[in-house]
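Quick notes on the structure that follows.
Worth knowing before you read on, the calculation uses all heavy atoms, side chains too, and leaves out hydrogens, waters and symmetry mates. To find a chain, count down the sequence lines: A is the first, B the second, and so on, and within it residues start at 1.
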Amino acid sequence: MDTHDSPAPVLVATDVTKAYESTIALAGASLSVSAGESLAIMGASGSGKTTLLHCLAAVIPPDSGSIRMSVPGAQPVELAGLDEEARSQLRRTRCGFVFQEGLLLPELSALENVALPLMLTGHPRPEAERAAAPWLRSLGLAGMEDRRIGQLSGGQAQRVAIARAQVTGAPVVFADEPTGALDSATSSDVMDALLYATSGQGRSLVLVTHDAAVAARCDRTLHMRDGRIVREKVAR
Amino acid sequence: MSGSSSGPRRVLGLVGLLTRPSRQGRAAILLPSVAFTVTTAILLTVVSGTLMFMRDDRPGDDFAPGYMVLSLAALLFLAVPTVSLGASAARLSARRRDDRLATLRLLGASTREVSAFTVIEATMIAAAGNLAGIVLFGVLLPLVAQLRFFGERIGVAALWPGWPVLVLVPCAVTVLAGLSAVLGLRRVRLTPLGVRQRTDPQRRSLRRTATGIAVLAALVLVLSQIGMFTAVLGTAVVITIVLGTFGAGLAVLNLVGPPVIAARGRALARKASTPARFLAGRQLADHPAPVWRRVSGLAMISFVAVIGGVGLAMAGQLDENDAMADQVIFAADMRTGVLLTLAIAFVMLSCSVAVTQAAAVLDDAELIIALDRLGMPVSTWERARRTTVLLPMRWAALGGAAGGFLLGLPLMGAAVVLTPTAFLVVAVTFAAGFALVRLALTSTRPVVTVVRRAPDRVF
Ligand SMILES: Nc1ncnc2c1ncn2[C@@H]1O[C@H](COP(=O)(O)OP(=O)(O)O)[C@@H](O)[C@H]1O
Ligand SMILES: [Mg+2]
C-alpha cells in the first residue's frame, strides 16, 4: 500500500484498529513515515485522524495491528502492547507534540515552558533553560524568553509550543490541527516554523489538519474516511 | 428569539440526555452530592444543638448565658465552612458546563440552554444530596443524643429541632446551591490564561502583611485590657467583644495568608530541583488566593483548637472539691462541646478539600492532559498537586495556632494558655487535620484518572 520508498521508516503502522465502545474509530489503518518526512493527515471530522495520531504517538494503545517505531541508535519498539508507564516514557523521550491551542503552562515563562520536557527527563532547570533558549531564538522569539504565555499572540504561543516539541530532540513530532485556531497569514508563519523545526532538521512530522493549504506544505498527504486511509497524494 | 418558546422544554429534554456519565465520570456528580449530604446533616445537627442550649432550662441562671454564647459561637464557627462547602460543591457541578458546551452545541443547544440546564442540574444534585442529608441527620440524631450534657444524656427529645427547621435548613442549602451555580457559571479558573494583572503583587502583599500585623497588635491590646471593659459593660457584651476580636483575628489571618503562600511559592520554584516542586511553586506563587481559600478552614480550626484547648485546660484546673456542682458540669460540657466542634469542623474540612480539589482537577483538565502527552508521569503530577495543598496547609495550621495563642495570651494569661493540655489539643488537631486532608486528596485521584484516560474529546 505504501509506495513511497524512502530509506529508513521511523514509524510503520499496519492494520491498526481502535474502537470506543460501539464506535469504530480506526478500521485497519496502515502507513509509514520516513525519517525527515512531513506527512499530513486529512479527512472529515470524525474520520479517525486524531485517534490515528494518538495511536502513532503512543498516547493510546491500539486494539489490534502493529505500530513499530524505529529511531536511529535504538532498538525498534512495538507500541501495541506497551503499558501506560512505558508509553509515557516513550512520549517523553521520542515524541514531540504541538496541540491546537498550544496548551502551554500559563504559570511558566516562554523559556520555562520550552525547558519543561527536559526537566521531565531529569535535567536540572538551569541546564534545561540553557538548552531551550536557542530554540526560542531560532523560531524568532528572541527577547520573549521571560514573557508569560498570556502576553504572547496566538502565533507566538504556537511557536513556543513548537520549540517545546523540539527541545528533547525527539525524532518524531506530532501535531493535531496546530493551525486550527489561527488566521491564514499566521497559520502560514507557524507552518514555516514547524517545518523548519522538524523536516528541516531531519525529523519527521505527522500533522493532522483540515486546511488544504497547510497539507500542501507537507511532503505527503493521506486522506482518511471511516477509520481507513483512502487516498494518498505525494507532493511535487 | 423564535426558539424561545421551546427553550424550557429543550432544556428539560437535555436533562435526560445528560444524566449519562460524562467525560469527568461519576466523581463530579458523586462528590458534590456527598458534600451536600454532609452539609445538611451537619447544619441540622449543629442548629439542633444550638436550639437545645437556648431552650433547655437545665442549666441554672448563672450558666445559661454561658451555654448560649458558646453554642452560638460554635454555630457561627461551623456555619462558615459548612456554607462554603455547599457553595464549592455547587460550583463544582456548575463547572461541568464548559465540558458539555462542545458536545451540546453539536446537538443544537445554545449556550443559554446549557447554562440553564447546568444550574438546574446543580440544584437537583444539591436537592438529592440534601434529602440524603436529612436521612443522615435521622441516623446521627440518636447517636448525638447519647452525648452527655448538663450531667446526663441529652436524649432525642431535647435535641429534636422540630419540623420547620428540618424543612427550612435543606431548602436554604438548596437555594444557596442554585445561586452558587449561577455564580460558578462565570468560569472561575484556577489557572486563568490571559493577560496578567499589572499591579505589582509583591508590593501589595507587603502592605497587606504590615496591615495585618498592625491589626493583630491592636487586637492583642484590646484583649489585654478586657478586664476593664467587664466592669463597665457587663459580661454578655464583653463576650461578644471577645468573639468579635477572634473573628477579626481570623480575618487578619486570611488577609496575610495569600501573600505568605505566594512568597513561599516563589521561593519553592526558585530552589526547586524537581519538576514537581517547580510546578507546585509556580502554582502557589501565581494563585495564592484560591490555594489559600482551599485550606483556610484549617487555619480556623487550629485557631479554635488553641482557644478550645485553653478552655479545656481551664476546665481541668478546676478543683473538683472546691467547685460547685454546676461549675463542674459546665466545665465538662465545655470539654464535650470543644471536642465536638473540632470533630465536626474536621469533617467539613476534609469534604471541602475533596470538593475543591476535584474542581481544581477539572479546571486543569487540559493542562493535565497536555502534560500527560508530554510524558509527565502521573506521580510527578500527583506530587505537585500534593505540594500545592500541603504547603499552604502547614502555614494555615501554624498561622491559626499562632493567632490563637497571640489572642489567647492577653485574655487568659500564660499560666493557662501554655499548658500541656492546650498543646496536646493543638498537636492532635494538626495530626488529624493533615491525615484527613491527605485522605481527601487521595479520594480525588479517580478524577485525575478519568481526565487522563478519556481525554480525546478535549482536542
Ligand atoms: N474517547 C472517545 N470515546 C468515544 N468515542 C470517541 C472517543 N474519541 C473519539 N471517538 C469517536 O471516534 C471517531 C473518530 O474520532 P477522531 O479520531 O477524534 O476523529 P477526527 O480527529 O478525525 O475528527 C469519532 O466517531 C469519534 O466520535
Ligand atoms: Mg481530531
Side-chain angles (χ1 to χ4, degrees), chain A residues 18 20 25 45-46 50-51 53-54 57-60 84-85 87-109 112-113 115-125 128 147-152 157 161 164-165 167-168 170 174 176-177 180 208, chain B residues 20-21 23 102 106 189-198 262 265-266 268-288 291 363-381 384 388 449 452-459:
Chain A
K18 180 80 190 175
Y20 297 103
S45 181
T50 296
T51 307
L53 192 82
H54 284 174
V59 171
I60 52 175
E84 193 174 332
E85 185 89 10
R87 279 187 278 118
S88 177
Q89 141 107 40
L90 199 80
R91 292 199 295 277
R92 205 152 61 228
T93 52
R94 298 196 185 169
C95 306
F97 290 91
V98 180
F99 311 105
Q100 179 172 353
E101 301 283 355
L103 286 177
L104 300 158
L105 275 69
E107 290 86 3
L108 271 49
S109 69
E112 289 161 348
N113 263 292
L116 186 64
L118 285 174
M119 293 177 66
L120 289 177
T121 50
H123 298 268
R125 183 148 65 100
R147 289 223 194 153
R148 290 294 182 91
I149 303 309
Q151 299 169 324
L152 298 174
R164 180 176 69 178
V167 74
T168 54
F174 298 91
D176 197 350
E177 315 250 7
V208 165
Chain B
R20 297 178 199 164
R23 180 168 68 77
L106 290 175
R189 293 199 47 146
L190 196 63
T191 50
L193 280 154
V195 187
R196 299 278 142 193
Q197 289 177 340
R198 284 259 158 248
R266 280 192 296 272
L268 185 67
R270 203 169 41 242
K271 289 183 294 196
S273 53
T274 66
R277 292 172 73 78
F278 178 59
L279 290 176
R282 277 301 163 80
Q283 287 272 349
L284 293 173
D286 269 30
H287 314 291
V291 157
D363 273 351
D364 289 343
E366 291 194 352
L367 278 182
I368 296 176
I369 292 163
L371 290 170
D372 181 46
R373 293 272 193 286
L374 298 181
M376 176 161 177
V378 207
S379 56
T380 305
W381 170 260
T388 58
T449 311
R452 288 166 46 96
R453 285 269 160 79
D456 316 63
R457 303 296 193 164
V458 174
F459 304 113

Could you look at [X] and say if it's the side chain, the backbone, both or neither that has a heavy atom under 4.5 Å from chain B?
X: A:Glu177; value: neither
X: A:Leu108; value: both
X: A:Ser109; value: backbone

Taking the side chain as everything from C-beta on, heavy atoms only, tell me whether B:Thr380 gets closer than 4.5 Å to B:Thr274.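 In short, these two side chains do not touch, never coming nearer than 4.5 Å.
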Side chain, backbone, both or neither: which part of B:Ala285 has a non-hydrogen atom closer than 4.5 Å to chain A? neither
Ignoring hydrogens and angles, tell me if any N or O in the side chain of [X] forms a donor-acceptor pair with the backbone of [Y] under 3.5 Å.
X: A:Arg91; Y: B:Asp372; result: yes
X: A:Arg125; Y: B:Ala269; result: yes
X: A:Asp176; Y: A:Val208; result: no

